Amino acid sequence: MDLYVPIIVLGVLAFLFAAGSVLMASMTGPKRWNRARLEAYECGIEPTPQPVGGGRFPIKYYLTAMLFIVFDIEIIFLYPWAVAFDHLGIFGLVEMVLFIATVLVAYAYIWRRGGLEWD
(Lines give C-alpha, C1' and ligand atoms only; values in the text may rest on other atoms or scores of the structure.)
Protein backbone atom coordinates (compact mmCIF):
# COMPACT_ATOMS: atom_id res chain seq x y z
CA MET A 1 0.00 0.00 0.00
CA ASP A 2 2.96 2.32 0.58
CA LEU A 3 3.61 2.42 -3.15
CA TYR A 4 0.17 3.89 -3.87
CA VAL A 5 0.35 6.72 -1.34
CA PRO A 6 2.18 9.19 -3.65
CA ILE A 7 -0.30 8.48 -6.46
CA ILE A 8 -3.28 9.00 -4.16
CA VAL A 9 -1.77 12.20 -2.75
CA LEU A 10 -1.14 13.51 -6.28
CA GLY A 11 -4.73 12.70 -7.28
CA VAL A 12 -6.11 14.50 -4.21
CA LEU A 13 -3.89 17.52 -4.88
CA ALA A 14 -4.97 17.63 -8.53
CA PHE A 15 -8.64 17.47 -7.51
CA LEU A 16 -8.19 20.20 -4.89
CA PHE A 17 -6.37 22.43 -7.37
CA ALA A 18 -9.09 21.98 -10.02
CA ALA A 19 -11.92 22.54 -7.55
CA GLY A 20 -10.13 25.53 -6.01
CA SER A 21 -9.52 27.08 -9.42
CA VAL A 22 -13.19 26.79 -10.39
CA LEU A 23 -14.30 28.17 -7.02
CA MET A 24 -11.88 31.11 -7.12
CA ALA A 25 -12.86 31.96 -10.70
CA SER A 26 -16.53 32.04 -9.78
CA MET A 27 -15.83 34.19 -6.72
CA THR A 28 -13.43 36.69 -8.28
CA GLY A 29 -14.70 36.82 -11.86
CA PRO A 30 -16.89 39.63 -13.21
CA LYS A 31 -20.61 39.25 -12.62
CA ARG A 32 -21.82 41.45 -15.49
CA TRP A 33 -23.63 39.40 -18.10
CA ASN A 34 -24.45 40.82 -21.49
CA ARG A 35 -25.58 39.46 -24.83
CA ALA A 36 -22.07 39.30 -26.31
CA ARG A 37 -20.75 37.34 -23.36
CA LEU A 38 -23.48 34.72 -23.62
CA GLU A 39 -22.81 34.03 -27.31
CA ALA A 40 -20.53 31.27 -28.52
CA TYR A 41 -16.94 32.33 -29.23
CA GLU A 42 -16.01 31.79 -32.87
CA CYS A 43 -12.53 33.27 -33.21
CA GLY A 44 -13.68 36.79 -34.02
CA ILE A 45 -16.11 35.72 -36.73
CA GLU A 46 -19.67 36.91 -36.39
CA PRO A 47 -21.73 33.92 -35.27
CA THR A 48 -24.26 32.71 -37.80
CA PRO A 49 -27.78 31.80 -36.71
CA GLN A 50 -28.16 28.11 -35.92
CA PRO A 51 -31.30 25.99 -36.07
CA VAL A 52 -32.95 25.19 -32.74
CA GLY A 53 -31.68 21.60 -32.61
CA GLY A 54 -28.16 22.60 -33.62
CA GLY A 55 -26.62 22.70 -37.06
CA ARG A 56 -24.76 20.31 -39.27
CA PHE A 57 -21.04 20.91 -39.58
CA PRO A 58 -19.35 20.48 -42.94
CA ILE A 59 -17.28 17.31 -43.24
CA LYS A 60 -14.16 19.47 -43.75
CA TYR A 61 -14.00 20.08 -39.98
CA TYR A 62 -13.79 16.37 -39.27
CA LEU A 63 -11.30 15.70 -42.07
CA THR A 64 -9.06 18.47 -40.79
CA ALA A 65 -9.26 17.08 -37.25
CA MET A 66 -8.41 13.56 -38.43
CA LEU A 67 -5.51 14.87 -40.52
CA PHE A 68 -4.17 16.70 -37.48
CA ILE A 69 -4.42 13.52 -35.42
CA VAL A 70 -2.55 11.49 -38.05
CA PHE A 71 0.38 13.89 -38.12
CA ASP A 72 0.32 14.38 -34.36
CA ILE A 73 0.63 10.63 -33.88
CA GLU A 74 3.47 10.58 -36.40
CA ILE A 75 5.42 13.06 -34.28
CA ILE A 76 4.69 11.05 -31.16
CA PHE A 77 6.28 7.99 -32.78
CA LEU A 78 9.18 9.83 -34.40
CA TYR A 79 10.57 11.33 -31.20
CA PRO A 80 11.25 8.07 -29.30
CA TRP A 81 12.59 6.52 -32.48
CA ALA A 82 15.06 9.38 -32.91
CA VAL A 83 16.18 9.03 -29.28
CA ALA A 84 16.78 5.27 -29.56
CA PHE A 85 18.00 5.26 -33.17
CA ASP A 86 21.48 3.91 -32.39
CA HIS A 87 20.11 0.92 -30.49
CA LEU A 88 17.52 -0.10 -33.08
CA GLY A 89 19.88 -0.71 -35.95
CA ILE A 90 18.70 -1.58 -39.45
CA PHE A 91 15.43 -3.07 -38.14
CA GLY A 92 14.42 0.30 -36.65
CA LEU A 93 15.32 2.09 -39.86
CA VAL A 94 13.20 -0.26 -41.98
CA GLU A 95 10.26 0.01 -39.58
CA MET A 96 10.41 3.81 -39.61
CA VAL A 97 10.63 3.93 -43.41
CA LEU A 98 7.50 1.75 -43.60
CA PHE A 99 5.73 3.94 -41.05
CA ILE A 100 6.59 7.18 -42.85
CA ALA A 101 5.59 5.63 -46.19
CA THR A 102 2.20 4.74 -44.72
CA VAL A 103 1.72 8.27 -43.42
CA LEU A 104 2.79 9.73 -46.78
CA VAL A 105 0.22 7.54 -48.55
CA ALA A 106 -2.46 9.01 -46.26
CA TYR A 107 -1.10 12.50 -46.90
CA ALA A 108 -1.11 11.99 -50.68
CA TYR A 109 -4.67 10.66 -50.52
CA ILE A 110 -5.89 13.68 -48.55
CA TRP A 111 -4.02 16.04 -50.85
CA ARG A 112 -5.44 14.37 -53.97
CA ARG A 113 -8.99 14.46 -52.58
CA GLY A 114 -8.70 18.21 -51.80
CA GLY A 115 -8.61 17.87 -48.04
CA LEU A 116 -5.93 20.56 -47.73
CA GLU A 117 -7.92 23.17 -49.65
CA TRP A 118 -10.03 25.34 -47.39
CA ASP A 119 -12.92 27.21 -48.99
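This chain uses plain numbering: 1 for the first residue, then up along the sequence. Because the structure is predicted, anything quoted here is derived from the model rather than measured. These numbers come from the heavy atoms of this one structure, side chains and all, not from hydrogens, waters or symmetry mates.
Taking 4.5 Å as the limit, every side-chain heavy atom of V103 sits out of range of all side-chain heavy atoms of I73.
Here OH of Y107 is found 14.0 Å from CZ of R112. Values are rounded to the nearest 0.5 Å. F15 CZ to L10 CG: the interatomic distance, rounded to the nearest 0.5 Å, is 14.0 Å. Separation of atoms CG (L93) and CG (L98) is listed at 9.5 Å; rounding is to 0.5 Å. Note that CD1 of I76 is 13.5 Å distant from CZ of F71, once rounded to the nearest 0.5 Å. With rounding to the nearest 0.5 angstrom, the CD atom of E74 is 10.0 Å from the OG1 atom of T102.
Grouping Ile, Leu, Val, Met, Phe, Trp and Tyr by side-chain contacts under 4.5 Å, direct or through others, puts V5 with V9, L13.
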Donor-acceptor pairs under 3.5 Å, side chain of residues 17-30 to any protein atom, not counting sequence neighbours: which ones?
residue : atom : partner : partner atom : Å
S21     : OG   : F17     : O            : 2.8
S26     : OG   : V22     : O            : 3.4
S26     : OG   : L23     : O            : 2.8
T28     : OG1  : M24     : O            : 2.7

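Residues V105 and I110 fall into different hydrophobic clusters, defined by Ile, Leu, Val, Met, Phe, Trp and Tyr side chains chained together at heavy-atom separations under 4.5 Å. Side-chain heavy atoms closer than 4.5 Å link hydrophobic residues (I, L, V, M, F, W, Y) into clusters, and following such links, possibly through other members, connects I69 to L78. L88 and V83 sit in two unconnected hydrophobic clusters of ILVMFWY residues. Membership requires side-chain heavy atoms under 4.5 Å apart, directly or through other members.
Classification of the W81-F85 ring pair by plane angle, with boundaries at 30° and 60°, yields perpendicular.
Atom CZ of F99 has more than 12 heavy atoms from other residues, nucleotides or ligands within 6.0 Å.
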